[in-house]
Amino acid sequence: MSGGIVNALAFPGLGWWPLIFIGTPLILGSLIGRRVRGALVVGFLGGFAFWGTHILWLTVYLGPVPWLALAGLEAVFFAAGCALIAVAWRFTDRAFRGDFGRYGFTPIVVACLWTLREFVTSNWPYGGFSWGRLAFSQSESPFGELVAWVGISGLSFLLAWVGALFVQVLRSRTFRRRAALAVIPVGLITVFLAVPPVAIAEAGTMRVAGVQGDSDAGLFGEYKPGEILGDHVAATEPLYGEDVDVVVWPENAADLNPLKNGQAADILDDVTERMNAPLVTGTITSDGDKTFNSLLLWNRGSGAVDQYDKMHPVPFAEYIPDRDFWFPLAPGLLSLIPRDYTIGTRDNIFELEEVKAGLAICFDIVDDNLIRQMVAGGAELILAPSNNADFGRSDESVQQLAIARLRAIEYGRSVVNVSTVGTSAVIAPDGSTIDRLPAFTPGSMVEDVPLSTTITPAALLGAGIELTLSAFGLAGLVLALIVGRGIGAPQGTGGKSGKLSPSRLTRDEEPHT
């Protein structure tokens, strides 16, 4: 459990990112010598300790039940991944007893299996929940630049690999041997730090105005219809007369649908006329019996000239999947979800004159596939309108901003992250902050935002990174099972006891021929 808590502290808001090099080895080391049942128990406890701490913000408005449900589900997946890693420790050590196996093959297989578990939970069920991946702890660290080379999954693999190597070093029998072998993970870290950042070629700039209305826009917010819209008009008024190319409002900033409400449409016409620029704003739209969480591109005199409907609405928050099955299990809780948003099918690109802007509504920024889709579609920057009001002053908004920062580096694209209440910021393609607004304060950011069409190695390789690593982990595990079953149990595994002790982290270090 301690490893899970230590890892959680590596993420924002505390953000002590070096702790990932302590928490991850603690988790991995606790699985050595355990059989599947013991690994499942330890994995579940460690996973719940991590998730329970990391997403504690879920309790702010919704209470403990959703938090327990999501943390518990993720802990189940975490436990399954730990069971695979425990088997890998057991059989790769048995199958490959030389230094190549101990410090080469085994740590890589373990790290690949960690990456496999992150890949599965990021995509399944119902589109997955990608929060909490190891890489997301490194947005403010020098290792964050590596995502441009290897992607989010690749960075998680590298961190897990170093963690597994530290475990192997600590299992050496003598202090002298451990000190000598420490050069392996320390050297690997040094190599990572020496990797230069990917060069990003700017393709001009776009002058963007991002507006934060500081609206009480949460699920249980007490606001009158049109009040959120009024807040964002008021926060935009000081910008009238500014020379900008586009104005960006947050998710659901137009709480009256301007496609059906004439008064709201007149207000957007007035704003775009006074700004002499198009407006990107969030609103809730409908088509027959379908409801969408949408972004509109509103031009003065023309109204909505383009629309994006959120393609990854959050299950059990924005819609109830398989409602007939789930609703009877928790009717009181699920009845709090006032509507089921439909999964959008429109592309996530707006064309702003000659500039293509990728669109990510709130948790869209976490979805690898959606970011790849917009970059493949020619996005030169990313607009990320969000509504974080449901999470108050918790860590949720800064965790989301950390993910947005890594997306900027990963794809070499500026990210304009605009929230109803914060945290709103403009992030450059190298991950640096161009501008930022204090939370729970109305305000605006007007900046010349760099554009780019650079294709980073991570963008070029795409899903191939995580698929290759996951496949290698499974193949390595199968190979170790085949070879290891014909060999006797290795020494120094600590027997069948589930207790972690120093003796469990040591092993026979006699030379192998």
Side-chain angles (χ1 to χ4, degrees), residues 204-215 217 228-255 267-268 271-272 274-283 294-299 306 308 348-350 352-353 355-365 374 379-389 397-398 400-405 407-408 413-429 431-452:
T205 61
M206 168 171 274
R207 193 159 179 80
V208 179
V211 178
Q212 177 177 290
D214 187 29
S215 299
I228 300 174
L229 174 59
D231 288 339
H232 286 86
V233 172
T236 306
E237 286 175 350
L239 301 180
Y240 291 165
E242 287 270 5
D243 182 17
V244 301
D245 297 313
V246 65
V247 181
V248 183
W249 283 2
E251 175 186 16
N252 200 32
D255 57 318
I267 291 173
L268 297 193
V271 170
T272 51
R274 289 174 178 269
M275 291 297 302
N276 193 29
L279 170 69
V280 174
T281 183
T283 192
S294 302
L295 291 178
L296 302 178
L297 176 59
W298 197 274
N299 278 352
D306 205 349
Y308 164 64
N348 54 356
I349 296 281
F350 278 171
L352 309 171
E353 298 274 332
V355 175
K356 290 186 176 182
L359 308 168
I361 300 177
C362 202
F363 280 21
D364 275 356
I365 199 70
M374 69 175 66
E380 298 166 74
L381 80 162
I382 300 172
L383 305 181
S386 182
N387 178 11
N388 304 101
S397 64
V398 290
Q400 185 174 323
L401 182 63
I403 296 169
R405 188 184 310 281
R407 292 303 190 193
R413 299 294 187 273
S414 297
V415 176
V416 180
N417 191 84
V418 182
S419 168
T420 48
V421 296
T423 303
S424 299
V426 179
I427 305 166
S432 61
T433 300
I434 297 174
D435 198 359
R436 180 168 175 169
L437 292 174
F440 295 96
T441 304
S444 60
M445 306 171 291
V446 179
E447 297 292 343
D448 293 314
V449 178
L451 306 175
S452 176

inquiry  = Run V247 and V211 through side-chain contact (heavy atoms from CB on, under 4.5 Å) and show every step you take.
reply    = CA-CA 8 Å; V247 181; V211 178; 4.1 Å; yes

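- Scanning all heavy atoms of the two residues, the minimum distance from P438 to Q212 falls at O-NE2, 3.0 Å.
- For R407, the salt bridge (Lys or Arg N to Asp or Glu O under 4.0 Å) partners at least two apart in sequence or on another chain are D368, E410.
- Applying the side-chain contact (heavy atoms from CB on, under 4.5 Å) test to A439 and every residue at least two apart in sequence or in another chain returns nothing.
- For T433, the side-chain contact (heavy atoms from CB on, under 4.5 Å) criterion is met by R405, R436, not counting sequence neighbours.
- In this structure F363 satisfies the ring-ring contact (aromatic ring centres under 6.0 Å, His included) test together with W131, sequence neighbours excluded.
- At least one side-chain heavy atom of I382 sits less than 4.5 Å from a side-chain heavy atom of M374.
- Partners of S444 by side chain to side chain donor-acceptor pair (under 3.5 Å), not counting sequence neighbours: none found.
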Under 3.5 Å, sequence neighbours excluded: what are the donor-acceptor pairs made by side chains of residues 228-240?
| residue | atom | partner | partner atom | Å |
| --- | --- | --- | --- | --- |
| D231 | OD2 | S215 | OG | 3.0 |
| H232 | ND1 | I228 | O | 2.9 |
| H232 | NE2 | G213 | N | 3.1 |
| T236 | OG1 | H232 | O | 2.5 |
| T236 | OG1 | W249 | NE1 | 3.0 |

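- Residues passing the side chain to side chain donor-acceptor pair (under 3.5 Å) test with E380: none are found, sequence neighbours excluded.
- Take A404 and apply the side-chain contact (heavy atoms from CB on, under 4.5 Å) test, not counting sequence neighbours, and it matches I365, V415, N417, I427.
- Side-chain atoms of N387 come within 3.5 Å of backbone atoms of A217 as a donor-acceptor pair (strictly under, hydrogens ignored).
- With a 4.5 Å cut-off on side-chain heavy atoms, L383 and F350 do not count as touching.
- In terms of the side-chain contact (heavy atoms from CB on, under 4.5 Å) criterion, residue partners of P450 (sequence neighbours excluded) are, by chain and number, E202, S414, P429, I434.
- R207 pairs by the side chain to side chain donor-acceptor pair (under 3.5 Å) definition with D448, not counting sequence neighbours.
- Residues forming a side chain to side chain donor-acceptor pair (under 3.5 Å) with T423 (at least two apart in sequence, or on another chain): S397.
- In this structure, the side chain of S452 does not engage the main chain of R413 through any donor-acceptor pair within 3.5 Å.
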